[in-house]
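What follows is a single structure, written as structure tokens, with notes after it.
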Amino acid sequence: MLVAGALALAGSGAGRAETLADALAGARGRDPAVIGARAQADATRERIGVVRAAGAPTLGVGGTANTQYAEVNGGSPRQIEGGSGALNLNVPLYRPQVGAAVEQAGVASRSAGVQVDAAEQDLLLRTSVAYLEVLAAIETLQAIGAQKAALVTQLASARRSFDVGTATIVDPNEAQARLDLVAAQEINARADLSVRRAALAQIVGRAFDRYRRLAPDAVLPALQYPTLEGWLEAAAEDSPAVRRARLELEVAEREVGRRALGDRPSVDGVGTVSREVNPSPVFGQLRTNLALLGLQFNWRVYDGGAISSGVREAVSLAGKSAADLEAARRQADLEVRRLFARVSSGYAVVAALRAAERSAEVTLRSMTRAQEVGVRVLTDVLNAQQQLFLARRDLARARYDFLADKLRLRAASGRLQPEDVTAVSALLSEPVELIDPNGR
């Protein structure tokens, strides 16, 4: 299994680096949530035809066959064949409940379509975040590896100084303690990277060994809506949860209307063409042809209060759907506010961490020169090194967190599209490859 025993830029690697767009292409068509949502939408769409059939004409054919044995005046038994056949036509002329049910099924189908959109947006987000999490884990491991290499060098230098008597045992002990701590951090970082890669592989269907990450000088993209109000308006209209709750409320309201039509009469046009052959001991067979055309009226005058109770039940359920819609709006509003704050502060965080990295580099150089002339001790250099590597690690994490939060914000507002993921993929331009520590 490939774990991050070593990391190298794959400019001349054995294969092409896998991009975020490649990961998304692999995830499409195999995600269970999307497949299930599409199947549910297809089933809900077919429900329209089932409901509409209740108001469509029906044509049926029926028949019977029988045999009669008759003995007349002591004669020999006679076998007389008989039977009937009929063609029945029913044409609904007035069934208001059917029209209301068809409209309700149409709204339910649109609601299922919104669920498909939500599942597809969720797939875009999950794939993107999983890929970015792998990149953040890679850069964390790189920072730890660089810190470990520097500590190995410092430990060797401290031991030489101790051996020649220019330093005390404190310096090699301090360097060894720091090295042991970083070794433990490296183990955790390798395990975290392995888990992140497995999470991405579960979505995409295969593991990647080559990736593309942000270049150090990459410019982070600006927001589509620079103000919070624009995102809140988008979420109020396009948030998948709000859209579906709105349609579910419409379904519930149409259910109230449909049940209220339960006491309406129905009128059907009926027609029958039949032929009967009846056995007769005297005449053998009697043949009758019949044609009938008319209207059939049906009106349930009293139902024990079932209709009125059903209407009250539907009204209560509609009230619940209205409350669910309000809850979805509030949740979308809160999520957009939270993510907008994270993304807005993300610019400042990245800028501050860039400044912290530059300052830490200057501090490390100063501490190294000061130690060489005897003004500072090794502990000061080790602290400066640690500060630099922490700044680099946090900067890498902050940049990927910013991109992930930007996609989360678009998803929360219902505006996440494949083009947004493609734009992020284009920012990830620097190849990076995972190398087997055993050289395979």
Side-chain angles (χ1 to χ4, degrees), residues 36-65 83-118 242-276 288-325 328:
R38 287 174 179 167
Q40 181 62 53
D42 292 340
T44 305
R45 193 178 303 114
E46 291 300 324
R47 182 64 186 170
I48 299 176
V50 174
V51 174
R52 184 181 287 119
T58 58
L59 182 65
V61 178
T64 63
S84 65
L87 183 66
N88 301 305
L89 175 67
N90 186 290
V91 182
L93 300 178
Y94 180 70
R95 289 187 182 180
Q97 302 93 334
V98 173
V102 170
E103 293 178 355
Q104 182 187 31
V107 178
S109 178
R110 298 208 311 273
S111 177
V114 170
Q115 187 63 19
V116 174
D117 293 341
V242 173
R243 289 170 58 198
R244 189 177 186 194
R246 188 183 297 122
L247 289 171
E248 290 298 323
L249 174 59
E250 185 176 350
V251 169
E253 290 174 342
R254 289 183 180 274
E255 178 67 11
V256 175
R258 187 187 70 81
R259 294 195 183 189
L261 295 173
D263 60 350
R264 299 289 182 87
S266 64
V267 179
D268 298 342
V270 295
T272 301
V273 177
S274 63
R275 176 182 176 85
E276 294 184 4
T288 304
N289 296 325
L290 177 66
L292 180 147
L293 183 65
L295 295 176
Q296 179 175 299
F297 176 81
N298 185 21
W299 187 10
R300 186 167 53 181
V301 178
Y302 179 70
D303 63 354
I307 293 177
S308 57
S309 294
V311 170
R312 289 193 297 270
E313 178 189 23
V315 168
S316 297
L317 292 175
K320 178 185 179 301
S321 296
D324 291 342
L325 173 58

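For the numbers below, each heavy atom of this structure counts, side chains included, while hydrogens, waters and symmetry mates do not.
Taking both residues in full, the closest heavy atoms of Val251 and Ala108 are given as CG2-N, 3.7 Å, listed atom of the first, atom of the second, then distance. Taking every heavy atom of both residues into account, Val61 and Leu87 meet most closely at CG2-CD1, 3.5 Å. The nearest pair of heavy atoms linking Gly113 to Ala41 is N-CB, 4.5 Å. Closest approach of Phe297 to Val267, counting heavy atoms only: CD1-CG2, 3.9 Å. Heavy atoms only, all atoms of each residue included: Ala318 and Val256 are closest at CB-CG2, 4.3 Å. The two atoms that bring Val270 and Leu295 nearest to each other are CG2-N, 4.3 Å, heavy atoms only.
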*Check step by step if side-chain hydrogen bond (donor to acceptor under 3.5 Å, both in side chains) holds for Ser111 and Glu248.*
CA-CA 7 Å; Ser111 177; Glu248 290 298 323; 2.7 Å; yes
*asked:* What verdict does the salt bridge (charged side-chain N to carboxylate O under 4.0 Å, His left out) test give for Arg38 and Asp42, after you've listed the backbone C-alpha separation in whole Å, the side-chain angles of each residue and the deciding distance to 0.1 Å?
replied: CA-CA 6 Å; Arg38 287 174 179 167; Asp42 292 340; over 6 Å; no
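Taking the side chain as every heavy atom from C-beta outward, Val242 and Leu325 approach each other to under 4.5 Å. Using a 4.5 Å heavy-atom cutoff, the side chains of Arg246 and Val114 are not in contact. Between Glu250 and Leu247, the closest side-chain pair of non-hydrogen atoms falls below 4.5 Å. Inter-residue side-chain proximity for Glu255 and Leu317 is flagged as unmet; no heavy-atom pair is nearer than 4.5 Å. Taking 4.5 Å as the limit, every side-chain heavy atom of Val98 sits out of range of all side-chain heavy atoms of Pro92. Side-chain contact between Val51 and Gln104 is absent, with no heavy atoms from C-beta onward closer than 4.5 Å. Side-chain contact between Gln115 and Gln40 is absent, with no heavy atoms from C-beta onward closer than 4.5 Å.
The distance from atom CG of Asn88 to atom OG1 of Thr272, rounded to the nearest 0.5 Å, is 4.0 Å. The OG atom of Ser266 sits 7.0 Å away from the CD atom of Gln97 when rounded to the nearest 0.5 Å. To the nearest 0.5 angstrom, Leu261 atom CG is 14.0 Å from Arg95 atom CZ. Rounded to the nearest 0.5 angstrom, Arg275 CZ and Thr288 OG1 are separated by 9.0 Å.
Side-chain atoms of Gln296 never come within 3.5 Å of backbone atoms of Asp268 as a donor-acceptor pair (strictly under, hydrogens ignored). A distance-only check finds no donor-acceptor pair linking the side chain of Arg264 to the backbone of Pro96 [under 3.5 Å].
In this model, a donor atom of one side chain and an acceptor atom of the other lie less than 3.5 Å apart for Arg312 and Ser309.
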